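Being a predicted model, the structure only gives us computed values, none of them experimental. The analysis underlying the following values was restricted to heavy atoms, covering all of them including side chains, and did not include hydrogens, waters or symmetry mates.
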Number of protein chains: 2
Amino acid sequence: MNDPFHRPEKQPLYAAVRDAVLERIGSGLLAPGDMLPSEFALADEFQVSQGTVRKALDDLAARNLVVRRQGKGTFVAAHTPERALFHFFHIVADDGARELPTKSRVLSCRRRRPDREEAAALHLARADRVVEIRRIREMDGKAAITETVCVPAQWFPDLDKRAIEEVPNELYQMYEERYGITVHRASEKLRAVSASSENADQLGIKPGSPLLEISRVAETLDGRPVELRRSRCLTDGRHYQSVIV
Amino acid sequence: MNDPFHRPEKQPLYAAVRDAVLERIGSGLLAPGDMLPSEFALADEFQVSQGTVRKALDDLAARNLVVRRQGKGTFVAAHTPERALFHFFHIVADDGARELPTKSRVLSCRRRRPDREEAAALHLARADRVVEIRRIREMDGKAAITETVCVPAQWFPDLDKRAIEEVPNELYQMYEERYGITVHRASEKLRAVSASSENADQLGIKPGSPLLEISRVAETLDGRPVELRRSRCLTDGRHYQSVIV
DNA sequence: CAGTGGTCTAGACCACATC
DNA sequence: ATGTGGTCTAGACCACTGG
């Protein structure tokens, strides 16, 4: 049934409502962009007051899982290009301008076994397969970032067979639309590294130059890791912007 | 008067209550650690319902400005060592262990004119004065971070005269307790840079080695910049951890 | 116009902390 | 026992959206 509405001991009512709605989103019963039932409809369904449903939905809205729009309804959050850019792309020009990586040149797109790091990050066995995409992203007209994206092949069945030209600049929207996988949160580890000779060639710099390495693990709603993305970025007139609230 | 309780055109009631409480915190009328009046007391004072006060306080709690504790009360957020560490210190060992910089060796502590970058970041004129603290922070027993902290001298009148040994490891708690200045939010810019010969000496590495440069501007509640902190960190077995929700 | 979320109220009861 | 925040209800009215 699609009605797992339990209150497992002392959990507040609104939390049970929240989790029930969450379950429908996670299971795909409610897809990104869909409108949720109205507050009153949910209140009626779960036999709680409208205020309790409101608190549950406000909670989900605070976590960016749904978007509430007065007069229209409550909708499951979707990956728009702006959201992807503002939410997941943190490289900014030093003058504060938000320059997006306009072009990206795909170097390769293949299917292979994961290395130790990838297997660990994506919770895979060494015998499993991953699809690896390597590309160079340009900013302000010049090559600025080398990127190696790695995803479990089982969830992205034909990704390696797509023509290289078909890979869009914004991957997360494609994950969502084409494979039904919504990236919800990510954690990034940043380090300073020396450019390898390969990096140097790709970015037009001297080997040994300092590069900002960003190692990102992206997760779905239910916490499964879906992507390991290792980027090396030239921080020349640019920086990684982090806000601590 | 301490009662600027206006509703400037179409602003929700709870927002007016929130701003009124905020005003008391910002003005120092309510200091960090102080307990706020109870929900009913505030409701009575502002002539609104308790639910409206609740919404106002929940809003402040969501912004980390107050802390609510069931059965005890609502308190103005204060800088505990843990808060400082978990909230503002993002360097983590690669195995995930949260190693704090135990020791810090202060190299100098002096009063001088700001350079162009400092003046811009701290909204000062070139004729103003700043206090500069330079130090080396150790992690895991080895020198790992060089740090230059810069604050407006006018708000920290005798900071430069304090004995170097007196400067504590956690500065923000001292800012709050000794100067009544609460750091509330910060923004950090990260870059990869090459170690200068000075950096190399300080950290025991070769000149030119890649270092993670973190340039942080810390702000008070009302958005005034109070500190420019430039750190250069050896990311060897460590990284800067950033979570995107 | 009907339907949606947003605000606000008044009151009840619960859970926790302190004396 | 008292006072605090946390949950939940029922209902009123407002503001916005779209047919």
Rounding to a whole Å, what distance do you find between [X]:[atom1] and [N]:[atom2]?
X     : N      : atom1 : atom2 : value
A/F40 : C/dA2  : CZ    : C1'   : 13 Å
A/R18 : D/dT7  : CZ    : P     : 10 Å
B/K10 : D/dC16 : NZ    : P     : 6 Å
B/L36 : D/dG3  : CG    : P     : 19 Å
A/L42 : D/dT9  : CG    : P     : 14 Å
B/Q11 : C/dG6  : CD    : P     : 17 Å
B/D44 : C/dT9  : CG    : P     : 13 Å

Taking only residues two or more places apart in sequence or in another chain, which ones pass salt bridge (charged side-chain N to carboxylate O under 4.0 Å, His left out) with [X]?
X      : answer
A/R216 : A/E188
B/E219 : B/R185
A/R98  : none
A/R68  : A/E39, A/D58

Is it the case that the ring center of B/Y172 lies less than 6.0 angstrom away from the ring center of B/H87?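 Between B/H87 and B/Y172, the centre distance exceeds or equals 6.0 Å.
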
So if I take every side-chain heavy atom of A/L13 and compare against C/dC8, D/dT4, D/dT9, which nucleotide ends up nearest?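 From the listed options, D/dT9 comes nearest.
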
Among the candidates D/dC8, C/dT7, C/dG5, find the nucleotide nearest to the side-chain atoms of A/E39.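 Nearest listed nucleotide: C/dG5.
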
In residues 49-69 of chain B, which ones come under 4.0 Å of DNA chain D, going by heavy atoms?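 Contacting residues: B/R54, B/R68, B/R69.
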
Partners passing ring pair (Phe, Tyr, Trp, His ring centres under 6.0 Å) against A/F89 (at least two apart in sequence or in another chain):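 If we apply the ring pair (Phe, Tyr, Trp, His ring centres under 6.0 Å) test to A/F89, skipping adjacent residues, there are no hits.
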
For A/S215, give me all partners under side-chain hydrogen bond (donor to acceptor under 3.5 Å, both in side chains), at least two apart in sequence or on another chain.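 In terms of side-chain hydrogen bond (donor to acceptor under 3.5 Å, both in side chains), with neighbours along the sequence ignored, A/S215 is linked to no residue.
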
Between A/N169 and A/K103, is there a side-chain heavy-atom distance shorter than 4.5 Å?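 Heavy-atom side-chain distance check fails, nothing below 4.5 Å.
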
Extract from the structure each pairing of a protein N or O with an N or O of nucleotides 17-19 of chain C at less than 3.5 Å, listing the distance.
{"from": "C/dT18", "atom 1": "OP1", "to": "B/K72", "atom 2": "NZ", "distance (Å)": "3.4"}

Provide the full list of salt bridge (Lys or Arg N to Asp or Glu O under 4.0 Å) pairs with a residue in residues 75-96 of chain B, sequence neighbours left out, each pair given once.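 Matches after skipping sequence neighbours: A/R191-B/D94.
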
Using a 4.0 Å heavy-atom cut-off, does A/Y14 contact any base of the nucleic acid, only the sugar-phosphate backbone, or nothing at all?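 The residue A/Y14 makes sugar-phosphate contact but no base contact.
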
